[in-house]
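The structure appears right after this line, and notes come after that.
Nothing here was measured: the structure is a model prediction, and the numbers come from that model. Sequence lines set the chain letters: A, B, ... in the order given, protein chains first and strands last, and positions in each chain run from 1.
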Amino acid sequence: MQSNWVEPREAISRPRLGRVFVLMHKVHLEVQMAEKIKEKYEESKLYRLRHSTAHVMAEAVLDKFPEAKIAIGPAIEDGFYYDFDLPRPITPEDLKEIEQRMQEIVKGKFDFKREVVDAEQAKELFKDQPFKLELIRDLEAGTTDEHGNPIREKPELSIYKSDTFVDLCRGPHVENTAEINPKSFKLLTVAGAYWRGDEKNAMLQRIYGTVWETPEELKEYLRVMEEAKKRDHRKLGKELDLFSSNDEIGTGLILWHPNGAKIRKIMTDFWNDEHEKSGYDFVFTPHIGKASLWETSGHLGFYKDNMYSPIDIDGQQYFLKPMNCPFHLHIYKSRIRSYRELPLRFAEMGTVYRYERSGVLHGLLRVRGFTQDDAHHFCTPEQMPDEIDFVLNFCLHILRSFGFTDFKAYLGTKPHDAIGEDSQWAEAEAALRASLDRSGLDYETDAGGGAFYGPKIDLKVKDAIGREWQLSTNQFDFNLPERFDLTYIGEDGQQHRPYMVHRALMGSMERFFGILIEHYGGAFPVWLAPIQAVAIPIADRHFDYAKQMVAQLKAQGIRASLDDRGERMNAKIRDAQKQKIPYMLVIGDQEMESGQVALRLRSGENPGPMSLDAFIAKAKQDIAEKI
RNA sequence: GCCGACGUAGCUCAAACGGCAGAGCAACCGCCUUGUAAGUGGUAGGUUACGGGUUCGAUUCCCGUCGUCGGCUCCA
């Protein structure tokens with residue numbers, strides 16, 4: 001069933017037309033899709049199919065565990081789930097049995113029959129189902145939906161019956177279980193989930209499954225899942241020797257190995273150059289600051305849960321910084337500012353530390369220490385629209401340079417616990433919205449998704465296999481300038497309060513790198529590749545010549561290395577392929593005689609022999625074009 | 001943090017029911033001198049995450065700690 005009184009968030013988060021892909025990894029898209037798309041998915045055959053398969057699964061689970069208490073079971077992107085309170089943990093064997101039972105049920109060709117009931121009937125029907133009773137009570141009162149989200153009006157209560165299973169459910173469903181192809185669904189995993197998503201509530205067992213209209217689509221879905229696994233940055237990070245983390249150092253803390261660090265340096269150099277060209281000033285700030293700083297900034301009031309315990313220094317409390325902003329504000333404040341020097345843009349690769357609960361850590365994507373490509377803009381109120389426009393455009397420029405082409409923006413509005421007046425929020429939100437409208441970007445509103453000090457525009461990108469990732473964040477802030485009493489002297493000779501924008505384009509070096517790895521599947525474009533070319537001499541007698549070639553490439557700024565192991569050429573090529581090195585330069589008797597190199601690309605293409613100069617020209621062009 | 005699964009050599013994985021811990025790859029030492037994804041022989045490599053317990057005996061069973069994975073909740 002489901003729940004279905006109000007759309008489950010997951011179900012509407014990312015429906016896709018055509019090839020749908022599950023979002024693996026912990027990138028949660030807490031966003032509502034545009035109304036029309038939402039309706040499309042919810043009205044689609046696939047949605048009904050998934051919802052109905054969830055019912056079939058619940059029936060199979062109840063067959064196996066008659067004492068099971070059922071919670072909710074919505075269709076979600078790429079599949080469905082159902083939550084249960086069960087007498088014991090589900091095992092993979094159970095999953096298999098349940099799946100088999102589902103196949104039998106489906107073949108029984110049972111109709112899904114809808115009935116409208118009143119609250120009393122519903123309560124009687126589900127008298128042994130405490131979760132359902134709770135839902136009925138809330139729905140009857142017209143207060144909250146199955147996820148605990150407030151609802152506007154009392155919905156009509158309906159139930160759906162199929163075979164022996166009856167569920168409180170809004171529907172819709174397919175007409176008959178015969179519409180579910182027994183070969184096009186699969187149960188995937190079991191996971192814990194809190195009743196109504198609240199960690200104060202009971203932990204239930206959630207079974208995830210996927211279902212498609214045809215077995216071919218299921219197969220394709222599973223294939224894409226496999227493809228995503230191959231791109232997993234944690235796996236590639238190991239294979240390509242990019243980074244690691246280590247028990248003894250601490251969880252969520254990243255070691256960048258030489259290969260990864262090389263890429264980070266290239267990213268940072270590029271970032272520095274672009275910022276320099278675009279009117280930023282660079283600053284550097286410390287990693288800790290006194291408690292009073294964080295009191296002033298509001299972090300100890302609003303962000304304490306994410307901050308580490310204080311360090312005692314000479315009887316004073318210092319905190320490891322979770323953000324860079326207070327330091328940048330103090331640089332602004334270090335002297336009197338004139339309107340003539342605004343806008344000011346302070347940029348810093350600032351390393352911050354945030355407490356993250358152990359269960360949420362994930363490779364490079366969620367860590368406890370990370371470096372933000374941070375900057376703070378200070379400007380006059382009149383300059384604000386231009387500053388936001390500038391930031392958005394600059395942001396797109398940077399992201400495009402790293403090969404992302406598909407963007408979506410999210411406007412995060414005032415959260416529950418926020419500082420600042422409603423009128424300020426409204427004004428700032430309007431300014432951001434206006435800028436988004438001017439940008440032509442596809443965007444939607446994420447209600448309550450702002451930072452505690454102001455609304456924000458987040459940018460998400462779609463990667464090479466269609467997954468969305470959050471990267472950039474641009475946050476308006478009218479609070480910190482006030483808290484730190486920032487001023488500038490205006491044209492009128494009077495003191496005025498500047499506006500401020502926080503922004504991170506790549507977000508964090510760690511997360512951005514993780515996403516880049518997955519986007520490219522480890523085959524970085526030439527400008528980023530830690531090793532761009534490897535010389536592969538065929539026999540020992542070619543070593544000296546190969547060494548010369550490598551030296552010449554290095555002199556031209558190309559990152560080249562020599563594979564002088566006593567292996568056969570085939571083995572060297574294989575290893576270079578596995579390392580995803582863009583260019584392989586095979587060097588044998590023919591090349592030595594003609595003074596050439598034989599180029600092979602990691603794509604398997606084999607352009608063949610060419611002069612070193614010709615190769616250098618090609619490599620330089622690829623590097624310049626960032627391909 | 002919570003629910004569940006898991007932790008064996010640098011990596012990927014084996015080792016009914018408790019009975020001396022094994023393979024491939026990588027590494028190292030040789031031989032081969034090679035034409036577009038693995039030539040070949042040998043050597044070395046482990047307090048089975050850590051700490052307790054049960055047992056004549058624990059990789060195996062029990063408890064705890066740490067960590068990893070899949071989710072929940074939360075986020076750059």
Side-chain angles (χ1 to χ4, degrees), chain A residues 10 24-28 30 81 83 86 88-92 188-208 232 234-235 238-239 241 244-248 250-252 303 305-306 322-323 350 352 354-374 449 451 458 469-473 475 502-512 514-515 536-543 565-578 584-591 598-602 604-606 608-609:
Chain A
E10 301 87 280
M24 301 171 74
H25 314 282
K26 296 181 180 169
V27 180
H28 296 296
E30 318 229 342
Y81 68 79
D83 287 345
L86 298 171
R88 65 167 174 84
I90 292 264
T91 64
L188 300 172
T189 55
V190 186
Y194 300 106
W195 166 236
R196 291 185 150 181
D198 186 337
E199 64 187 32
K200 289 186 216 77
N201 289 341
M203 176 68 77
L204 306 174
Q205 294 192 63
R206 172 172 299 178
I207 304 179
Y208 282 98
D232 191 313
R234 293 164 300 182
K235 178 171 139 63
K238 206 179 279 182
E239 289 172 2
D241 199 11
S244 66
S245 62
N246 176 294
D247 282 13
E248 198 173 345
T251 182
Y303 208 71
D305 289 350
N306 287 292
M323 293 188 193
V352 298
R354 298 182 185 173
Y355 172 71
E356 298 286 357
R357 302 201 286 179
S358 58
V360 307
L361 299 171
H362 184 87
L364 291 173
L365 301 182
R366 194 76 181 275
V367 294
R368 285 180 172 161
F370 56 96
T371 301
Q372 293 182 303
D373 66 317
D374 210 357
D458 283 345
W469 306 89
Q470 147 108 46
L471 290 175
S472 315
T473 185
Q475 308 179 341
H502 309 237
R503 48 113 279 200
L505 309 181
M506 300 189 257
S508 83
M509 296 307 274
E510 284 75 10
R511 173 176 287 183
F512 192 77
I515 293 167
I536 300 179
I538 290 176
D540 294 4
R541 62 179 177 279
H542 309 124
F543 279 15
R565 296 173 303 161
E567 294 289 345
R568 290 177 126 70
M569 179 203 64
N570 279 317
K572 292 179 183 181
I573 287 176
R574 180 165 193 271
D575 291 341
Q577 285 286 154
K578 289 197 343 190
M584 286 156 259
L585 304 173
V586 176
I587 291 163
D589 291 338
Q590 294 162 29
E591 286 72 27
L599 177 62
R600 176 195 160 102
L601 306 177
R602 63 186 161 189
E605 284 172 83
N606 205 341

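Minimum atom distance to the side chain of A/Q475 is reached by B/A76, of the listed B/A76, B/U34, B/G70. Among the nucleotides B/G39, B/G71, B/G67, the one closest to any side-chain atom of A/E567 is B/G39. When distances are taken from the side chain of A/A571 to each of B/G4, B/A38, B/U34, the shortest belongs to B/A38. Nearest to the side-chain atoms of A/Y355 among the listed nucleotides B/G1, B/G39, B/C2 stands B/G1. Of the candidate nucleotides B/G1, B/A76, B/A37, B/A37 has the atom lying nearest to any side-chain atom of A/R600. Among the nucleotides B/G1, B/U34, B/G39, the one closest to any side-chain atom of A/R357 is B/G1. Counting only heavy atoms from C-beta on, A/K238 has its side chain closest to B/U12 among B/U36, B/C74, B/U12. Here the side chain of A/R366 is nearest to one of B/G1, B/G71, B/C74, namely B/C74. Counting only heavy atoms from C-beta on, A/E591 has its side chain closest to B/G35 among B/G35, B/U34, B/A37. Ranking B/A38, B/G70, B/C72 by closeness to the A/T189 side chain, first place goes to B/G70.
Residue A/Y208 is classed as a sugar-phosphate contact, given heavy-atom separations below 4.0 Å to backbone atoms only. A/D247 comes within 4.0 angstrom of sugar-phosphate atoms only, judged by non-hydrogen atoms across all strands, and of no base. Base engagement by A/Q590 is indicated by at least one non-hydrogen atom pair under 4.0 Å involving a base atom. Residue A/N570 is classed as a sugar-phosphate contact, given heavy-atom separations below 4.0 Å to backbone atoms only. A/A576 comes within 4.0 angstrom of nothing in the nucleic acid, heavy atoms only. A/Q205 comes within 4.0 angstrom of no nucleic acid atom, judged by non-hydrogen atoms across all strands. No contact: A/V352 has no heavy atom under 4.0 Å from any strand. Among the protein residues, A/G192 comes within range of the nucleic acid bases, having at least one heavy atom under 4.0 Å from a base atom. Base engagement by A/G588 is indicated by at least one non-hydrogen atom pair under 4.0 Å involving a base atom. In this structure, A/E248 reaches neither bases nor backbone, as no heavy-atom distance under 4.0 Å exists between it and the strands shown.
What separates CD1 of A/I536 from C1' of B/G35 is a distance of 11 Å, to the nearest Å. With rounding to whole Å, A/Y81 atom OH is found 17 Å from B/G4 atom C1'. Remark: C1' of B/G4 and CG of A/L86 are 12 Å apart, rounded to the nearest angstrom. For A/Q470 and B/C74, the CD to C1' distance is 13 Å, given to the nearest whole Å. Rounded to a whole Å, the CG atom of A/D458 is 16 Å from the P atom of B/C74. Note: CE (A/M323) to P (B/C75) measures 11 Å, nearest angstrom. Distance CZ (A/R574) to C1' (B/C25): 9 Å, rounded to an integer number of Å. Look at CG on A/D575: it is 13 Å from P on B/A37, rounded to the nearest Å.
Straight-line distance between the P atoms of B/A26 and B/C20: roughly 30 Å, to the nearest whole Å. Straight-line distance between the C1' atoms of B/A21 and B/A14: roughly 10 Å, to the nearest whole Å. The same atom, C1', is picked in B/C3 and in B/A16; the two are 31 Å apart, to the nearest Å. Rounded to the nearest Å, the gap between the P atom of B/U40 and that of B/G24 is 12 Å. B/G52 and B/U43 are spaced 36 Å apart, taking the P atom of each and rounding to whole Å.
Look at A/H542 and you won't find any side-chain N or O under 4.0 angstrom from OP1 or OP2 of B/U34. Listed pair A/R234 / B/C69 meets the phosphate criterion, a side-chain N or O lying under 4.0 Å from OP1 or OP2. For B/G1, the OP1/OP2 oxygens have a side-chain nitrogen or oxygen of A/S358 closer than 4.0 Å.
Between A/R357 and A/E199 there is a salt bridge, since a side-chain N of the basic residue sits under 4.0 Å from a carboxylate O of the acidic one.
Nearest approach of A/E356 to A/V367, heavy atoms of both residues: CG-O, 3.6 Å. For the pair A/L471 and A/F512, the tightest heavy-atom approach, listed with the atom from each and the gap, is CD2-CD1, 3.6 Å. Pairing each heavy atom of A/H362 with each of A/R234, the nearest pair is CE1-NH1, 3.2 Å.
Between A/F370 and B/A76, a base-stacking contact is recorded: ring centres under 5.5 Å apart, planes less than 30° from parallel.
Paired runs in RNA chain B that reach 3 or more consecutive Watson-Crick or G-U pairs, where each pair keeps both distances under 3.5 Å, cover B:1-7 with B:66-72, B:10-13 with B:22-25, B:27-31 with B:39-43, B:49-53 with B:61-65.
The line from CZ of A/R354 to CG of A/D305 is 13.5 Å long, rounded to the nearest 0.5 Å. Put simply, CD on A/E510 and CG on A/L364 are 7.0 Å apart, with the number rounded to the nearest 0.5 Å.
A residue-by-residue look at A/M569 and A/Q372 shows that A/M569 has its nearest nucleotide of RNA chain B further toward the 5' end. If you find the closest nucleotide of RNA chain B to A/L204 and to A/P537, the one lying nearer the 5' end belongs to A/L204.
Nucleotide B/A16 carries a syn base; the chi torsion (O4'-C1'-N9-C4 or O4'-C1'-N1-C2) is within 90° of 0.
In terms of the ring-ring contact (aromatic ring centres under 6.0 Å, His included) criterion, A/F370 has no residue partners (sequence neighbours excluded).
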